[in-house]
There are 2 protein chains.
Amino acid sequence: MRIGELARRAGVSTRALRYYEQQGLLPARRSTNGYREYEESDLKLVTEIRSLLTVGFTLEDARPFVECLRSGHGSGGACPESVEVYRRKITEIDDQIRTLLERRAEVAAQLAEACPGCALRTGGTR
Amino acid sequence: MRIGELARRAGVSTRALRYYEQQGLLPARRSTNGYREYEESDLKLVTEIRSLLTVGFTLEDARPFVECLRSGHGSGGACPESVEVYRRKITEIDDQIRTLLERRAEVAAQLAEACPGCALRTGGTR
DNA sequence: CTAATCGTTGACGTCAACGTCAAGGTCAAG
DNA sequence: CTTGACCTTGACGTTGACGTCAACGATTAG
């Protein structure tokens, strides 16, 4: 299939697909007129990339998953490199959550100080 | 005082101070040679900006606080516009936390599926 | 006089994942 | 032949808060 069809079926822009190719995540063979030609299996690659991006992965994070799929695995997360990325991302997310919790407490405290009686719902004022 | 001293005392770069001025947050009068001249009170403004930035505020978010301070209030968060920003930022932070929690659950689930037995510490596997 | 230190105004670079033209080639239908 | 739909490769724009030159003027110490 060509880039337009893959884009439609994957729910992404053609620009995104070209960008993935540029980043080495989605190589495509070319037909004689220079058009990119994709396999059915490429749809799965794009789907994998998309689902990883939506949970906060970068394209670089997604690379091991794509390579894992292309190496024949049914799941992109089955390879040890992917598992390592999973672990790292989880600790990153945990760090971010911790930071946000600290910030929330700090901001809520400043609010309480600047405007006593301005209690928020979530703050635990009961 | 001039920009270098203010920068040192506030713990920021001179570039940052010029940027704040450009954004209209930190106007400075000029001495005859064109150098920026700051008051003691400007140190407090910069300190306020910095503390807000470190908890995730943008410079735009910080604007009401700066104006509040310059209008004579001892605290930048005392004015109603600042309180409104406080509230909004707290809900933003809460949204971000929720998103991250969802992502963490999703990633942990994918990890568990791809690699059974790869339990994480925080996941609640007990 | 000269070097050192401070200041000034541009203006481009950073980081990610594309969006959005621009200028043009390809191909099937009418 | 001419739309029109599709494709190609650049290449700049986006977002925020500056970092990092470049090229220059001001001030002071020696």
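Numbers restart at 1 for each chain; the letters A, B, ... are given by sequence-line order, proteins then strands.
- At a cut-off of 3.5 angstrom, the base of C:dT8 holds no donor-acceptor pair with the side chain of B:R18.
- Between the CG atom of B:L17 and the P atom of D:dG19 there is a distance of 10 Å, given to the nearest Å.
- Salt-bridge annotation for B:R70 and B:E39: absent, with no side-chain N of the basic residue lying under 4.0 Å from a carboxylate O of the acidic one.
- A close approach under 4.0 Å does not occur between any side-chain nitrogen or oxygen of A:R36 and OP1 or OP2 of D:dC7.
- Of the residues in residues 1-8 of chain A, A:R2, A:I3, A:G4 come within less than 4.0 Å of DNA chain D through at least one heavy atom, sorted by number.
- In this structure, A:R63 atom CZ and C:dA16 atom P are separated by 12 Å, rounded to whole Å.
- C:dT26 atom P lies 16 Å from atom CD of A:E37, rounded to whole Å.
- In terms of position on DNA chain D, the residue among B:A16 and A:G34 whose nearest nucleotide sits closer to the 5' end is A:G34.
- The closest side-chain donor-acceptor pair between A:Q110 and A:E106 falls under 3.5 angstrom.
- Between the side chains of A:T58 and A:D61, at least one donor N or O sits under 3.5 Å from an acceptor N or O.
- Taking atom CG of B:L25 as the reference point, atom C1' of D:dC18 lies 14 Å away to the nearest angstrom.
- Nearest approach of A:T14 to A:G4, heavy atoms of both residues: CG2-CA, 4.2 Å.
- Within the 4.0 Å cut-off from OP1 or OP2 of D:dT27, at least one side-chain nitrogen or oxygen of B:N33 is found.
- Summarising the geometry, the separation between CD on A:E60 and C1' on C:dA16 is reported as 11 Å, rounded to the nearest angstrom.
- Atom P of nucleotide C:dG25 and atom CZ of A:R30 are separated by 17 Å, given to the nearest angstrom.
- Residue side chain B:Y35 reaches the base of D:dG25 through a donor-acceptor N/O pair under 3.5 Å, judged by distance alone.
- A salt bridge links A:E5 with A:R9: the closest approach of a Lys/Arg side-chain nitrogen to an acidic carboxylate oxygen falls below 4.0 angstrom.
- Backbone-only engagement by B:S13 is indicated by non-hydrogen atom pairs under 4.0 Å involving sugar-phosphate atoms exclusively.
- Across C:dC18, D:dT20, D:dA17, the shortest atom-to-atom separation from the side chain of A:R15 is found for C:dC18.
- When distances run from any side-chain atom of A:Y19 to the nucleotides C:dA16, D:dA17, C:dT26, the shortest one goes to C:dA16.
- Note on the helix from C:dC1-D:dG30 to C:dG30-D:dC1: angle between the axes of the first and last five pairs equals 40°, rounded to 10 degrees.
- Between the CZ atom of B:R29 and the C1' atom of C:dT8 there is a distance of 17 Å, given to the nearest Å.
- Of the candidate nucleotides C:dC18, C:dT8, C:dC27, C:dC18 has the atom lying nearest to any side-chain atom of A:R50.
- With respect to B:V12, the side chain to side chain contact (heavy atoms under 4.5 Å, CB included) criterion is satisfied by exactly one of B:V46, B:L53, B:I49: B:V46.
- A salt bridge between B:R88 and B:E60 is absent, with no side-chain N of the basic residue lying under 4.0 Å from a carboxylate O of the acidic one.
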